[in-house]
Amino acid sequence: MDTGADLRRLTSLRAFAALAVFLHHCGNENNWLIWDRYVRYGSAGVAFFFVLSGFVLTWAWRPGDETRLFYVRRFARIWPAHVVALATGVVAFAPTDPRITWESVVANLLLLQAWAPPPLNTLNGVSWSLSVEAFFYAVAPLIIVASHRVERHRFMWGAGALIGLTLAVRLVWSLVERNPEGGINYYLYEQPALRLSEFVAGVVIAVLVRDGWRPRFPVPAAIAAAGVVVLAISVPDGSLPGAIPEVILLPAFALLIAAAAGADLRGTPGLLQHRALVYAGELSFAFYLLHGQVLFTVEQYVTLFPSKPVGALYTLGTFLLAGLAAAALHHLVEKPAQRRIVRAARTRLPVPSLR
């Protein structure tokens, strides 16, 4: 088991997941794109992040790793950039959104906003997924340690049961509550406990790879398979309700992550190992945090378009602005704060480091 391997393809794939979410917001909320229906389910990029999170955390964990340092590293990974994005969200949204209260600020600071019904998640809408990730971080040591200590077949049965249960609840909710945009439906969409299916799916793939499985499914074929699924659910008129698109895409995401990890572990060269794509993946977290605010700000000044091709130009310009903002947040806040927090923790906790 080489947990020290540099899985560069997985980092690159993060960039495409963030791009999918961005295009979803441009095409389905701002109505800027000609091909709206083909980015209709770009929000499923968040589900890809959740699967990837389960894989990466499990892959990096080694028996004997210090749980306290794990939590410190996770805190350092997301919270500093989140706080800055939260502050800019207050500046961007507070003047026009009366729902912003001290309660919502506190809930967002503590990453608890996904646990409560709207409107607590108002300052930086995309940060609901960080609240979900914080829940994953809280339970990750229990799940990952169990993957090491429990007999593999028992662990897989348990993981499969958990995945099946949470998927069943989400499917039933999706069929009963047809409106995915408000009230209890949207509340359940963000519920951290109900998103465990994606995180645990990533854990399962990592356990299989950790124990010696080296999938030889070509990465381009895995990408094509995911693309075919997206096209198949996008072509019909109307939208699939609730979580159904993400449930359909979950096997494709798991296959893609497994194929990419297997290719990296075998040392197979490929486009996704290109430095530019890896760097874009490194910026993806900051880009994800800020792109909604950039879109909102641009939308305040650009409300009417002579044609959708012009809207596509605005999309490109907004993408570049969000990219520049992401680079600044990544290099000036995210990475320096992460290094300092982890360095300070290591001086107090002289234990083996987590990757």
Side-chain angles (χ1 to χ4, degrees), residues 1 3 7 10 13-14 17 43-63 65 67 70-71 73-74 77-78 111 114-115 128-174 188-213 215 217 222 226 229 242-262 354-355:
M1 178 181 68
T3 58
L7 304 181
L10 297 184
L13 287 173
R14 292 175 55 87
S43 57
V46 177
F48 179 85
F49 282 129
F50 291 160
V51 180
L52 184 61
S53 180
F55 180 94
V56 170
L57 294 183
T58 305
W59 179 252
W61 187 283
R62 292 171 294 178
D65 278 339
T67 302
F70 168 81
Y71 286 134
R73 290 179 66 89
R74 294 300 94 203
R77 174 70 180 88
I78 67 171
L111 291 174
W115 289 100
W128 70 267
S129 64
L130 272 67
S131 182
V132 176
E133 281 283 354
F135 171 69
F136 294 162
Y137 296 163
V139 301
L142 297 175
I143 298 174
I144 298 171
V145 169
S147 76
H148 284 275
R149 296 182 179 177
V150 177
E151 293 181 5
R152 181 169 136 175
H153 74 280
R154 293 182 183 275
F155 176 81
M156 291 300 183
W157 275 108
L162 180 58
I163 293 171
L165 176 63
T166 53
L167 287 180
V169 172
R170 295 178 70 199
L171 282 173
V172 170
W173 147 64
S174 299
L188 289 177
Y189 179 84
E190 296 179 355
Q191 265 296 299
L194 294 182
R195 306 304 296 243
L196 269 174
S197 55
E198 292 143 343
F199 181 79
V200 175
V203 173
V204 167
I205 296 299
V207 169
L208 292 172
V209 175
R210 184 189 71 196
D211 291 349
W213 180 47
F217 197 78
V229 175
I244 289 179
E246 291 160 343
V247 172
I248 293 174
L249 282 164
L250 180 57
F253 289 160
L255 175 63
L256 177 55
I257 289 170
L354 289 172
R355 291 185 176 274

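When reading the values below, keep in mind they use all heavy atoms of this one structure, side chains included, and skip hydrogens, waters and symmetry mates.
- Of all non-hydrogen atoms in Ser129 and Val46, the two that sit nearest each other are CB-CG1, 3.8 Å.
- A 4.5 Å side-chain heavy-atom check between Val229 and Phe253 finds every atom pair outside the cut-off.
- The two atoms that bring Leu249 and Ala226 nearest to each other are CD2-O, 4.3 Å, heavy atoms only.
- The line from CH2 of Trp115 to CD of Gln191 is 5.5 Å long, rounded to the nearest 0.5 Å.
- The minimum heavy-atom distance between Pro215 and Ala258, with the atom names listed, is CG-O, 3.0 Å.
- For the atom pair CZ (Phe135) and CG (Leu111), the distance works out to 14.0 Å, reported to the nearest 0.5 Å.
- For the atom pair CD1 (Ile78) and CG (Leu130), the distance works out to 4.5 Å, reported to the nearest 0.5 Å.
- Contact check for Val145 versus Trp61: side-chain heavy atoms found under the 4.5 Å cut-off.
- Taking all atoms of both residues into account, the shortest heavy-atom contact from Ala114 to Pro192 is O-CD, 3.8 Å.
- A search for side-chain contact (heavy atoms from CB on, under 4.5 Å) contacts involving Leu57 returns Ser53, Phe70, Arg74, Tyr137, Ala140, Ile144, Phe199, not counting sequence neighbours.
- Using modelled atom types, no side-chain atom of Tyr189 and backbone atom of Ala243 make a donor-acceptor pair closer than 3.5 Å.
- Side chains of Leu13 and Leu52 form no contact here, defined as non-hydrogen atoms less than 4.5 Å apart.
- Of all heavy-atom pairs between Val204 and Ala159, the closest is CG2-CB, 3.6 Å.
- Applying the side-chain contact (heavy atoms from CB on, under 4.5 Å) test to Ala17 and every residue at least two apart in sequence or in another chain returns Phe48, Phe49.
- Separation of atoms CG (Leu208) and CZ (Phe55) is listed at 9.5 Å; rounding is to 0.5 Å.
- In this structure, the side chains of Phe155 and Ile143 come closer than 4.5 Å at one or more pairs of heavy atoms.
- Residues Leu196 and Phe50 form no side-chain contact, since every pair of their non-hydrogen atoms from C-beta on lies 4.5 Å or further apart.
- Rounded to the nearest 0.5 angstrom, His148 NE2 and Arg210 CZ are separated by 4.0 Å.
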For residues 163-171, which side-chain N or O atoms pair as donor and acceptor with protein atoms under 3.5 Å away, sequence neighbours left out?
{"unit_1": "Thr166", "atom_1": "OG1", "unit_2": "Leu162", "atom_2": "O", "d": "3.0"}
{"unit_1": "Thr166", "atom_1": "OG1", "unit_2": "Ile163", "atom_2": "O", "d": "3.1"}
{"unit_1": "Arg170", "atom_1": "NH1", "unit_2": "Glu198", "atom_2": "OE2", "d": "3.1"}
{"unit_1": "Arg170", "atom_1": "NH2", "unit_2": "Glu246", "atom_2": "OE1", "d": "2.9"}

